[in-house]
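We number each residue from 1, following the sequence as shown. Atoms within each ligand, like the ligands themselves, are counted from 1 in listed order.
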Amino acid sequence: MIKKILIANRGEIAIRVMNSCHEMGIQSVAVYSEADRNSLHVRYADEAYFIGPAPSNQSYLNIEKIIEVAKKSGADAIHPGYGFLSENADFSERCKEEGIIFIGPDAYAINTMGDKITARKTMLAAGVPVVPGTTEPIVDLDAAVRTIKEIGLPVMVKASAGGGGKGMRLVEKEEDILSSVQAAKSEALAAFGNDAVYIEKYINSPHHIEFQILADQHGNCIHLFERECSVQRRHQKVVEETPSPIMTPEVREEMGRHAVAAAKAVNYAGAGTIEFITDDNLNYYFLEMNTRLQVEHPITEQVVGVDLVREQINIANGEKLHYRQEDLSQHGHAIEVRVYAEDTDNNFMPNPGKINYIHFPLGAGVRHDSYVYSGFEIPIYYDPMISKLVVWGNSRPEAIGRMKRALQSYKISGVKTSIPFLSRIMDVPDFKNGHYTTHFIQNHQEALKTKENCSEECVDLAAITAFVDFITKREQATPPSSNGRSSMSPWKAFGRKKAVSRI
Ligand code: MV4
């Protein structure tokens, strides 16, 4: 039985994993880099070990150092979170060699799914629909042209070692195929040390719909329904929701069966995600499998009522799945937005720095997964995501209303964040009515821009400082009164005062 888990990660996901450890009576071990001395995950763990300089290749990616800490601390298992070493087959293998449980799949599953050509072949053999295209690397111009004649233009040239949008090229004219293949190959070689590329038919204006699966070490596998992740920017997800607004019960059941078949085809064990690309008619194709816990896993947890990290730990313990497919259903609607320290009006430039003051939204149906606090300085070395705001509602409109309310009461000063941008997404008619594809952000750039003189959105350092001052003075002057009229929300009262003083 696992008694102590080392969390080989940082930020909100390290804390998320520790939460389940604490609830299960499992000891947690944090590791941290020079840049994370003041990070919350360090204080949240039962023990914490320094592992090296800020750059991740010298700390969170340092396999030897992490194994050393696991041994020193007596951890029986390692949870890799997402990113960093989570999809590193060598790390999974290395843990096994050292007698440490890797909370994730084995090297075979990671490697098979990590190589997209092998994954496509494996899915075809398992009867899972894949995008029409090649199942062998493109070796010459003839093969490429033959493929184009077969499946028709436009096509995408993709790196076999890629994924998540890296090393992709769109080809619209036959005469461009040679240069695109050559460019993709050299890009892939430089980025991944592997120049194998393949061709897929281009699906225009697709949806990204993924299925969460859980598989135990005894051959049992279930799916936990879909997540709609089509609101993306440069292959970074911005908003995720479940259920998908375009899903039907029939297609859901069929896609779920194919997701389970995909996982079974690689003898998968653990939590994983099967990514599908779909067109407007819900024709769907396997795109790739993510062999890790994903950033957006909380929306599934809120709607299906399963703690995915707890299940990962149970599976790693060798237990059989605690749920059968027929035990699971979707209840209500959940939406997640990723809050970034970035300037959405300046090409989404990261905006790390010191958070002077932060006030998280709370209340019914709100979940906030974060790792920052007032006075925290966001390191420049890592992804600038500071939190994930997740809401649950009985229906999609209820969830959207709740998200708007939560975003409005989320106050932060010192760094620019994507909060106002996320609020505007909630107001775009195509989002509200659920008619959106992966081109959503691109197609609504105007509506998503900051509007001039928008007092609600211009929550800057001065405003927050003035607010704290205002509240402090008001509380000193007049104790809270029982008079109904003066019980207006302080934020609202502040907003009104500001509005008045502007006129
Ligand atoms: C595609 C595609 C259209 N046709 N493949 C982007 C990320 C990577 N997972 C695959 N991606 C795409 N592959 C074919 N054959 C369009 C995309 C794509 C996309 C996919 C999912 C979510 C957002 C996207 C944004 C642009 C392009």
Point to revise | Atoms in ligand 1 with a heavy atom of L287 nearer than 4.0 Å | key: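 Per the distance check, 9 (N), 10 (C).
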Exercise for review: Look at the rings of H444 and F440 and say which category their plane angle falls in: under 30° parallel, 30 to 60° tilted, over 60° perpendicular.
Suggested key: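 Rings of H444 and F440: tilted, as their planes differ by 30° to 60°.
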Check your understanding: Does the ring centre of Y382 sit less than 6.0 Å away from the ring centre of Y60?
Key ->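 So the answer is yes for these two rings.
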Taking distance alone, with N or O pairs closer than 3.5 Å, would you say [X] contacts ligand 1?
X    : value
Y202 : no
I203 : yes
Q232 : no
H208 : no

Check your understanding: So, does H439 sit close enough to ligand 1 that a heavy atom of it is under 4.0 Å from the ligand?
Key ->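 No, H439 has no heavy atoms under 4.0 Å from ligand 1.
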Exercise for review: Using atom types as modelled and distance alone, determine if a side-chain donor or acceptor of S92 lies under 3.5 Å from a backbone N or O of N88.
Suggested key: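 Not confirmed, S92 side chain does not pair with N88 backbone.
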Point to revise | Any residue meeting salt bridge (charged side-chain N to carboxylate O under 4.0 Å, His left out) with D90, in chain and number order, not counting sequence neighbours | key: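 Result, salt bridge (charged side-chain N to carboxylate O under 4.0 Å, His left out) vs D90: none returned.
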Review point. Is there side-chain contact between W392 and R367, with heavy atoms separated by less than 4.5 Å?
Key: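 Counting from C-beta outward, W392 and R367 never come under 4.5 Å.
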Check your understanding: Salt bridge or not for R257 and E253, using N-O below 4.0 Å?
Key ->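 Salt bridge present between R257 and E253.
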Check your understanding: Which of the listed options, I277, N290, V155, holds the heavy atom that is closest to atom 2 (C) of ligand 1?
Key ->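 Of the listed residues, I277 has the closest heavy atom.
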